[in-house]
Amino acid sequence: MTDATESGATRSVVTTVPSVAPNLSAPLSAQLQHRVSSSLLADQVFEALRGWIAQGEWLPGKQLRIREVAALVGTSDMPVREAFRRLEQAGLIVVEPYRGAKVRELSIDELEHVYDIRILLEPVAARAGVEHSDAGVLEAMNRHWQLLQEASERGDVVEAVRQDEQLLMALYTAGPNDVLLKMVRELWDTCRAYKSLWVVNAVEHGLATWSHITHLIDAVERGDGDGAHDILERTYRDARATVRQLLDTQSGRNL
């Protein structure tokens with residue numbers, strides 16, 4: 001495993017952060033500037049940590065302590081605490097009171113359960129999106145597809161996952177069912193660690209792995225809701241099999 005201190009991501013988040021809270025008597029503009037700076041720094045720390053987890057530099061079960069991580073990325077504790085909170089929401093770590101956190105263990109049982117629900121919900125969301133789509137939906141999907149290809153070509157797993165989700169959500173939000181959209185978003189938080197495994201594999205094997213997206217965009221352009229439904233159903237069945245194999249391989253390697 002490559003030590004995270006050797007990755008380029010470490011240097012990108014090193015910055016100077018005030019070690020104390022802003023003075024409440026200070027001008028409002030100064031207080032807001034502090035809040036914005038702290039928020040941007042937390043974003044950078046979150047993206048760096050998520051990238052190390054997604055790319056396998058931090059393996060499942062790895063213990064994470066706030067002060068050690070803060071020293072690693074060169075910040076105070078507060079941005080790391082916020083990053084931990086967001087990583088927990090994304091289903092990537094488990095926060096342990098008084099002990100920090102650890103990278104969440106992935107299991108084949110959970111993979112099966114999560115993808116069973118994805119296969120039920122997302123093809124339905126895609127069909128509804130096609131039935132209510134317009135030129136703006138197609139334009140947004142093509143834009144995110146271009147950004148996804150660029151991220152994949154430079155090996156940026158985190159950005160590839162983000163663009164994949166934005167591309168799909170551009171289609172899903174065209175549909176009328178807000179409850180379905182809420183369920184899909186919550187499901188993504190649960191399965192993002194598994195999706196990241198698939199994306200790592202896809203990035204390694206090139207853009208041909210993403211061919212389902214071009215087929216999906218073609219189906220939207222044709223107004224073929226049933227076709228979009230079938231493409232995603234088939235894609236998620238194949239993705240589940242791929243991630244199951246990756247988990248099996250990791251399990252054997254860690255024995």
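None of these values were measured; they are calculated from a predicted model.
- A distance of 5.0 Å separates OG1 in T235 from NE2 in H212, rounded to the nearest 0.5 Å.
- Between E110 and R104 there is a salt bridge, since at least one side-chain N of the basic residue sits less than 4.0 Å from a carboxylate O of the acidic one.
- Contact of the L216 side chain with the M141 side chain is registered, since non-hydrogen atoms from C-beta on lie closer than 4.5 Å.
- Clustering ILVMFWY residues whenever any of their side-chain heavy atoms sit less than 4.5 angstrom apart, transitively, puts I66 in a cluster other than the one holding M78.
- Contact annotation: the side chain of V124 never approaches that of L120 to less than 4.5 Å [non-hydrogen atoms, C-beta and beyond].
- No side-chain heavy atom of T209 sits under 4.5 Å from any side-chain heavy atom of E204.
- Formation of a donor-acceptor pair under 3.5 Å by the Y194 side chain with backbone atoms of S107 is found in this model.
- A heavy-atom distance below 4.5 Å is not found between the side chains of L147 and R162.
- Ring planes of Y172 and W188: tilted class, angle from 30 to 60°.
- Linking ILVMFWY residues whenever their side-chain heavy atoms come closer than 4.5 Å, directly or via other members, leaves L247 and V94 in distinct clusters.
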Verdict with reasoning, V95 to L87, per side-chain contact (heavy atoms from CB on, under 4.5 Å) = CA-CA 9 Å; V95 173; L87 288 168; over 6 Å; no
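- Considering only heavy atoms from C-beta on, I117 stays 4.5 Å or farther from H113 through its side chain.
- Shown here for A126 and L232, the closest heavy-atom pair between the two residues is CB-CD1, 3.6 Å.
- Put simply, L121 and L171 are part of the same group of oily side chains (I, L, V, M, F, W, Y) that touch within less than 4.5 Å, one to the next.
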Kindly indicate, with the supporting measurements, whether the criterion salt bridge (Lys or Arg N to Asp or Glu O under 4.0 Å) is fulfilled by R154 and E159.
-> CA-CA 10 Å; R154 66 176 181 268; E159 182 63 12; 5.1 Å; no
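- Taking each heavy atom of A101 and Q63 in turn, the nearest pair found is O-NE2, 3.2 Å.
- With 3.5 Å as the limit, one finds no donor-acceptor pair spanning the side chains of E153 and Q149.
- When side chains are defined from C-beta on, W210 counts as touching W145, because their heavy atoms get closer than 4.5 Å.
- The distance from atom OG1 of T75 to atom CD of Q44, rounded to the nearest 0.5 Å, is 10.0 Å.
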Start with the C-alpha gap between R85 and E88, add the side-chain angles, then the distance that decides, and say whether salt bridge (Lys or Arg N to Asp or Glu O under 4.0 Å) holds.
-> CA-CA 5 Å; R85 184 188 67 79; E88 184 178 36; over 6 Å; no
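- Between the D178 side chain and the L181 main chain, no donor and acceptor come within less than 3.5 Å of each other.
- E96 places no side-chain N or O within 3.5 Å of a backbone atom of K102 that could act as its donor or acceptor partner.
- A salt bridge links K195 with E165: the closest approach of a Lys/Arg side-chain nitrogen to an acidic carboxylate oxygen falls below 4.0 angstrom.
- Counting heavy atoms from C-beta on, the side chains of D248 and I108 come closer than 4.5 Å.
- Formation of a donor-acceptor pair under 3.5 Å by the H205 side chain with backbone atoms of N201 is found in this model.
- Across all non-hydrogen atoms, the minimal contact from R127 to D226 is NE-OD1, 3.1 Å.
- Without hydrogens or angle criteria, S133 side chain to V130 main chain gives a donor-acceptor distance under 3.5 Å.
- Nearest approach of S211 to T214, heavy atoms of both residues: O-OG1, 2.7 Å.
- Taking 4.5 Å as the limit, every side-chain heavy atom of V103 sits out of range of all side-chain heavy atoms of W52.
- When the shell of 6.0 Å around CZ of R222 is examined, it contains more than 12 heavy atoms from other residues, nucleotides or ligands.
- Around the CD atom of Q146, the shell of radius 6.0 Å holds more than 12 heavy atoms that belong to other residues, nucleotides or ligands.
- Note: I213 CD1 to I231 CD1 = 11.0 Å, rounded to the nearest 0.5 Å.
- Nearest approach of A151 to A160, heavy atoms of both residues: CB-N, 3.7 Å.
- The minimum heavy-atom distance linking P79 with L41 is given by the pair CG-CD2, 3.6 Å.
- Taking CG of L197 as the start and CZ of R192 as the end, the distance is 13.5 Å to the nearest 0.5 Å.
- Expressed to the nearest 0.5 Å, how far CE of M183 lies from CG of N177 amounts to 9.0 Å.
- Side chain of S152 to backbone of L148: no donor-acceptor contact under 3.5 angstrom is found.
- Side-chain N or O atoms of N142 include one that pairs as donor or acceptor with a backbone N or O of L138 at under 3.5 Å.
- Looking at R50 and E47, a side-chain N of the basic residue comes within less than 4.0 Å of a carboxylate O on the acidic one, giving a salt bridge.
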Please report the C-alpha distance between L246 and W198 in whole Å, then the side-chain angles of each, then the deciding distance to 0.1 Å, and finally whether the side-chain contact (heavy atoms from CB on, under 4.5 Å) criterion is met.
-> CA-CA 8 Å; L246 292 170; W198 185 91; 5.7 Å; no
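- D116 contributes atom CG, which lies 8.0 Å from atom CZ of R237 (distance to the nearest 0.5 angstrom).
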